[in-house]
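Right, one structure below, let's go through it.
When a ligand or atom number is given, it counts from 1 through the structure's own listing order.
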Amino acid sequence: MRAALLHGPEDLRVEQVAEPVGEVLVRVEAATTCGTDVKMWRRGHPILPPYPAAFGHETAGVREDTGERVLVGDSVPCGTCRPCEAGRPQICREPHWVLGGFAERIAAPQAALHAVPGGLEPAAAAMAEPLAAAVHAVARAPGWPIAPDAGVLGGGPMGQMLAALLVAGGRTVTLTDPHAERRAQAEAAGAMTAARLADHDVVFEAVGRPGAWRAAVEACAPGGCVVLVGGCRAGTDAALPTRQLHYDELDVRGAFHHSREEVDEALALLAAGAVDWRALAAGPIGLEDLPAALAAGNDGPARKWIVVP
Ligand SMILES: [Zn+2]
Ligand SMILES: [Zn+2]
């Protein structure tokens, strides 16, 4: 079968490879690209296996054995580590990662598979993976009656998904991003936009740079909550304003990944039309187009490329 393999930083090759081996073989209908793929392609990533590495972690397809349509979840928590025992599988210490969506077929453990609601398109099902991370991030902060006013820092795909979820949840949402196209996308989803965020009950940071972490804290109202969704480059430190953290009693929380239930919730939200996934979709493209799509990087509108292998 054909698969896109990473051989090193910015060295992606589409090759003929052996069939993947695992519990369930899934024929890939659509795999979507994400910021993590760009990081993996550009500089490698801690969860990548050794080179040459299969990647792609937002994957929907059809089970070769039963013909059932499935979303291939990108991880299975161990179930026995301390966070897993405490009901927090998102931060499992030893998850089994399931990568390899940029290929004609992917092998996955049964436990990673989710049934796709009837009628949901493959690309939409694939996007349930990142949307589940947004569902989790929203759940990390106080909800609507306590925190009606939300700020979102960053208008990439994650910021757009957060804004859409928060709007659907009845909040007043303000998103900030230097790109006019991204501000327009957020406005189309029902959010307001501003050059700067200020005084929000809850602030979601979806950029992944130390300066943005600081800006998120500075934009939080006294007694509010900051949720850090964007992962910064490994080894980076962020300088945060101590006066506000202490005297304003801010809650600063990380948000990472998702649980199995959050993935199912994301699938249900997409099936119900609560999030306009088409507004983020670009393509479809083939495996050969992946390097150019990943290199296109972060300018212009927020978009996720739909790869049809
Ligand atoms: Zn992703
Ligand atoms: Zn675990």
Side-chain angles (χ1 to χ4, degrees), residues 4 6 12 28 30-48 53-61 71-103 106 108-109 111-112 114 122-137 154-162 164-165 204 206-208 229-232 254-263 265-267 269-270 275 277 280-283 285 290 293-294 296-298 302-307:
L6 288 170
L12 186 157
V28 178
T32 45
T33 62
C34 116
T36 305
D37 297 320
V38 177
K39 288 183 200 167
M40 286 176 168
W41 170 73
R42 193 156 276 154
R43 57 179 193 241
H45 197 275
I47 71 166
L48 267 186
F55 74 131
H57 61 273
E58 303 177 1
T59 314
L71 162 65
V72 182
D74 66 351
S75 64
V76 179
C78 77
T80 55
C81 69
R82 200 160 148 188
C84 277
E85 296 247 293
R88 299 184 65 178
Q90 298 90 349
I91 51 169
C92 171
R93 298 297 85 190
E94 282 190 70
H96 172 76
W97 294 103
V98 182
L99 305 177
F102 298 140
I106 181 172
H114 299 254
M127 285 192 209
E129 193 281 318
L131 184 62
V135 166
H136 176 59
M158 184 51 62
Q160 300 288 344
M161 286 184 171
L162 286 164
L165 283 179
F204 294 87
V207 176
V229 187
C232 296
F256 175 68
H257 211 48
H258 46 62
S259 67
R260 186 169 177 84
E261 294 71 26
E262 285 161 342
V263 173
E265 190 180 333
L267 281 166
L269 283 164
L270 287 159
V275 174
W277 62 273
L280 297 175
I285 60 171
L290 252 182
L294 296 175
N298 292 328
R303 64 188 163 196
K304 299 177 73 69
W305 292 94
I306 301 168
V307 180

Item checked: With sequence neighbours excluded, residues passing side chain to side chain donor-acceptor pair (under 3.5 Å) with Ser259 -> Glu261, Glu262
Margin query: Can you tell me which N/O/S atom of His57 has the shortest distance to the Zn ion (ligand 1)?
Written below: NE2
Check: What protein N/O/S atoms lie closer than 2.8 Å to the Zn ion (ligand 2)?
Finding: Cys78 SG, Cys81 SG, Cys84 SG, Cys92 SG
Note to self: So does Ala111 get a backbone contact from the side chain of Arg260, meaning a donor-acceptor N/O pair under 3.5 Å?
What the structure shows: yes
Note to self: Under 2.8 Å from the Zn ion (ligand 1), is there any N, O or S atom belonging to Glu58?
What the structure shows: yes
Next item on the list: Tell me, please, which residues at least two apart from Ser75 pass side chain to side chain donor-acceptor pair (under 3.5 Å).
Entry: His257
Next item on the list: Compare all side-chain heavy atoms of Trp41 with those of Leu290 and state whether any distance is below 4.5 angstrom.
Entry: no
Checklist line | Pairing residues for Glu58 by the salt bridge (Lys or Arg N to Asp or Glu O under 4.0 Å) criterion, not counting sequence neighbours | finding: Lys304
Next item on the list: Output yes when a side-chain donor or acceptor of Arg93 lies under 3.5 Å from a complementary backbone atom of Ile91, and no otherwise.
Entry: yes
Check: Is a side-chain N or O of Thr33 found less than 3.5 angstrom from the main chain of Trp305, in a donor-acceptor match?
Finding: yes
